[in-house]
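Below: the structure, in structure tokens.
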4 protein chains.
Amino acid sequence: MSSADPVDHRKGPRRRGDALYEAIFAATLDELNAVGYTELKMERIANRARASKGSLYRRWPSRAELVVDAVHHCFPSHGEPPDTGSVREDLLGCLQKIANLLNSPSGEAIRGLMADTIRNPDLMEAVRIRFIDPGVGLFLEVLKRGAVRGEVRASALTPRFASLGPDLLRQHFMVHHSPIPERVLTEIVDEVVLPLVRAPRDHAEHPGRDPK
Amino acid sequence: MSSADPVDHRKGPRRRGDALYEAIFAATLDELNAVGYTELKMERIANRARASKGSLYRRWPSRAELVVDAVHHCFPSHGEPPDTGSVREDLLGCLQKIANLLNSPSGEAIRGLMADTIRNPDLMEAVRIRFIDPGVGLFLEVLKRGAVRGEVRASALTPRFASLGPDLLRQHFMVHHSPIPERVLTEIVDEVVLPLVRAPRDHAEHPGRDPK
Amino acid sequence: MSSADPVDHRKGPRRRGDALYEAIFAATLDELNAVGYTELKMERIANRARASKGSLYRRWPSRAELVVDAVHHCFPSHGEPPDTGSVREDLLGCLQKIANLLNSPSGEAIRGLMADTIRNPDLMEAVRIRFIDPGVGLFLEVLKRGAVRGEVRASALTPRFASLGPDLLRQHFMVHHSPIPERVLTEIVDEVVLPLVRAPRDHAEHPGRDPK
Amino acid sequence: MSSADPVDHRKGPRRRGDALYEAIFAATLDELNAVGYTELKMERIANRARASKGSLYRRWPSRAELVVDAVHHCFPSHGEPPDTGSVREDLLGCLQKIANLLNSPSGEAIRGLMADTIRNPDLMEAVRIRFIDPGVGLFLEVLKRGAVRGEVRASALTPRFASLGPDLLRQHFMVHHSPIPERVLTEIVDEVVLPLVRAPRDHAEHPGRDPK
DNA sequence: CTCTAAACGAGACGGTACGTCCAGTCTTCGG
DNA sequence: CCGAAGACTGGACGTACCGTCTCGTTTAGAG
């Protein structure tokens, strides 16, 4: 009538430090991939990682923080912006990098994280720093190079215009389902970003303002 | 020796039809306002509405569907677009309407709903139809009127340009915290939407493309 | 805007093993005593024991199994049969022990269990082993001692005769309401059991009823 | 958003009076047979009978009362006691009648009813009158005829001895599973009832064993 | 035969309890 | 000491019935 099994199965060599982190991150990504963010459970992550819930909670106060770290660990950044010599091609390359991330299993995680960010400003900060700002940085770099070449007007080298592409792409991603079609990328570049940032061809300074 | 309260409180005339819907919607909005979407519980809604969980599940298969109906019921639409005679003022008015909705408690609900929409295309459809498309419709109407007045080029009367304002506003809303500052609205209008849709001042047709 | 009580009440030293079993058994008996078997609810037991439903279901697959364990834990057995030197007195003592159990709150539990036993042979087995067979064992022991003294014929030392008393007592218990009157016990002994098991009259030294 | 289907399918000729009673009784017995007393649900009975719950509750205040009526309606009584000219054969015949009832689906219902009778004395009364007393009456009649023939001592013509057989049979039924084996009937008659009620062979008064 | 009152079917209603699942904390033990 | 395992309290989930009720429809019987 008393409880439990007297035998205890705590066997093999214990993982510590990085090995444990790796296992937890891998399990988190696997679960994300399998059931998605909203169905992600600490319990299942722990089981899949063959770790204890205690080991998880000791490191991350909540599911969201764990996911941020796990996703960022596995997809650390967008790398260097492409440099083809053409602003248009560079912008398209940047969007494609971002789209690749969003189309991957991590994309759904990011989408799910967005919902949690509202109630948790710290989380929002983390998401922005790790997943949003790098994309904007990519665009800004591309625009700067375009300005050097004279393709982009100098007054467009602001976060506002640099974030335009990532914002519209992310917006599409939130409203529509994956994967993001190629056409969306080209439309964003050709119909919105380029017309706004392009240097006037002749002596005009503003693309929309009358050169007079 | 028997238990409990022998009195039975299922007395008063029971609510049916619209009266019950109203009570449930009100309770849902109250709870949303009190604890937010992610902490919203069917159980608490039922209790607050003095209804049974059965009455909720009989009507809505999930929390998300209930929230969509409740929010839409209480903030049915954006009404008519403003008509000031100036495209800029009209566009600002439209953005302000949308911002007002997003800044309200419903805004948080909508944000929370976004996370659920991924795993549920039907829900996404509902959110789009009820909360996103109406805003685009507002913009499109304003642009049409602007085109009639010659302020807006005819080729800008497409969903792409009409959705630009709502998309950017929504994106700001997702990434930053409420409330949305006035400055964001004016920047969206003056730096992005207007330059792209404005008719060329003289005989040029495209604002950004080569006039010849 | 956030909700609820930030304080968490899962503080005090948690009970495990026997301490928890004790608390659950006590709560079960309390509830049995308060509302009876048919109104017994797992939910109320859990609340009264300040345990979670999970802790209950982890141990017992159903209400019936829990009740069997709880009652048996608190009233483990009938103890030793009385030994007065007189078969009649011993038999009466045995019946009285059983009657005491049936008259207690446990009695009602046992009665309620009977209904569940039909659909669950394992439960029936448990009830028989824990509550019925011990009573028969008591009788058998008494009859054996009587046989040694010559009061009881050897051919009556079978389960059939040993179970006669408990059977009739239980039958009375099922059909009538508690408490079982003294008279029933004496009738069972004097009019049924004794006449059937008594050694033949002539040279027997029968202490019970002297026919002459 | 409002409710319900305007079309209403309450078509066919409605049953009233006996036809409805029959349907409800039949459905009750069917359900009893299918899932047993403890799993018997008013809702399921109503559905199976194609009747409304209101029609059930209008007639019976509780499940137990309905079951009593339903079982009694379908197995109204034990009929006349057998009359073979031999007390032993007659007693066996009586037990067999009772066993037949208990072995049928109704038997399980009766068993389930027993549990409810504790908390509801009126129900106990009904069960006793309809299912227990008739069996005792059978035995009493048989014993009377035996007394007329001289096989049974006159002092055994009491409810105590008449109820002995039914009591032991019922007890066996409660503790063991159906069906009741033939052997149980003969043992009850030959080892308990007959020895107690048989008229002394010569002039001895004692029912026990003939002293010589 | 018509009219009325009752009984009927259907099923919504406010509730309670179910048995499951998971969150986050705590305890125990092994390495 | 820290990791692993997992038991613990708590509470929401979505389902199933409870017994009551409202709603129209059908039927029986009175006039």
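All figures in this text were calculated on a predicted structure; none of them were measured in a lab. Heavy atoms only: backbone and side chains are in, while hydrogens, waters and symmetry mates are out. Every chain is numbered from 1, with letters handed out A, B, ... down the list of sequences.
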### Query
Does A:Asn47 reach the side chain of A:Arg44, with side-chain heavy atoms less than 4.5 Å apart?
no
### Message
Are more than 12 heavy atoms, taken from residues, nucleotides or ligands other than C:Arg15, located less than 6.0 Å from that residue's CZ atom?
### Response
yes
#### Entry: Contact check, side chains of A:Arg59 and A:Leu66, non-hydrogen atoms, under 4.5 Å
no
### Summary
From CG of B:Leu40 across to P of F:dG14 the rounded distance in Å is 12 Å
### Message
Checking A:Arg130 against A:Asp69 for the salt bridge (Lys or Arg N to Asp or Glu O under 4.0 Å) test, could you report, in this order, the C-alpha distance in whole Å, the side-chain angles of both residues, the deciding distance, and whether it holds?
### Response
CA-CA 9 Å; A:Arg130 304 222 205 184; A:Asp69 277 2; 2.9 Å; yes
### Query
With respect to the side chain of D:Arg14, which nucleotide from F:dG3, F:dC18, F:dT26 is positioned closest?
F:dT26
### Interatomic distance, C:Leu66 CG vs E:dG19 C1' [rounded to whole Å]
14 Å
### Message
What's the closest nucleotide to the side chain of A:Lys41 if the choices are F:dC18, E:dA23, F:dT9?
### Response
E:dA23
### Message
Quick one, B:Ile24 and B:Trp60 - any side-chain contact, counting heavy atoms below 4.5 Å?
### Response
yes
### Query
Does a side-chain N or O from B:Arg50 land closer than 4.0 Å to OP1 or OP2 of E:dG15, or not?
yes
### DNA chain F: 5'-proximal contact among D:Arg16 and A:Glu43 (nearest heavy atom)
A:Glu43
### Message
F:dT22, OP1 or OP2 - any side-chain N/O from B:Arg15 closer than 4.0 Å?
### Response
no
### Query
When you check the side-chain N and O atoms of B:Ser62 and B:Glu65, is any donor under 3.5 Å from an acceptor?
yes
### Message
Could you tell me how far apart B:Tyr21 (OH) and E:dA12 (P) are, to the nearest whole angstrom?
### Response
11 Å
### Message
Considering every strand and a 4.0 Å limit on heavy-atom distances, what is the contact class for C:Ala46: base, sugar-phosphate, or nothing?
### Response
nothing
### Atom-to-atom span, CG of C:Leu20 to P of F:dG6 - whole angstrom
18 Å
### Summary
Hits for side-chain hydrogen bond (donor to acceptor under 3.5 Å, both in side chains) against A:Glu43, two or more places apart or cross-chain, chain-then-number order -> none
### Message
Can you measure A:Ile45 atom CD1 to E:dC21 atom P for me and round it to whole angstrom units?
### Response
18 Å
### Query
Taking the side chain of C:Met42 as heavy atoms from C-beta outward, which of E:dC22, F:dC18, E:dG19 is closest to it?
E:dG19
### Query
Looking at DNA chain F, which of residues 53-65 of chain D put a heavy atom within less than 4.0 Å of it?
D:Lys53, D:Tyr57
### Task
Return the value, rounded to whole Å, for the distance between atom CD of D:Glu39 and atom C1' of E:dG19.
13 Å
### Query
Rounded to whole angstroms, how far apart are CG on C:Asn47 and C1' on F:dT9?
11 Å
### Query
When the distance from CZ of C:Arg48 to C1' of F:dG10 is rounded to whole Å, what number comes out?
19 Å
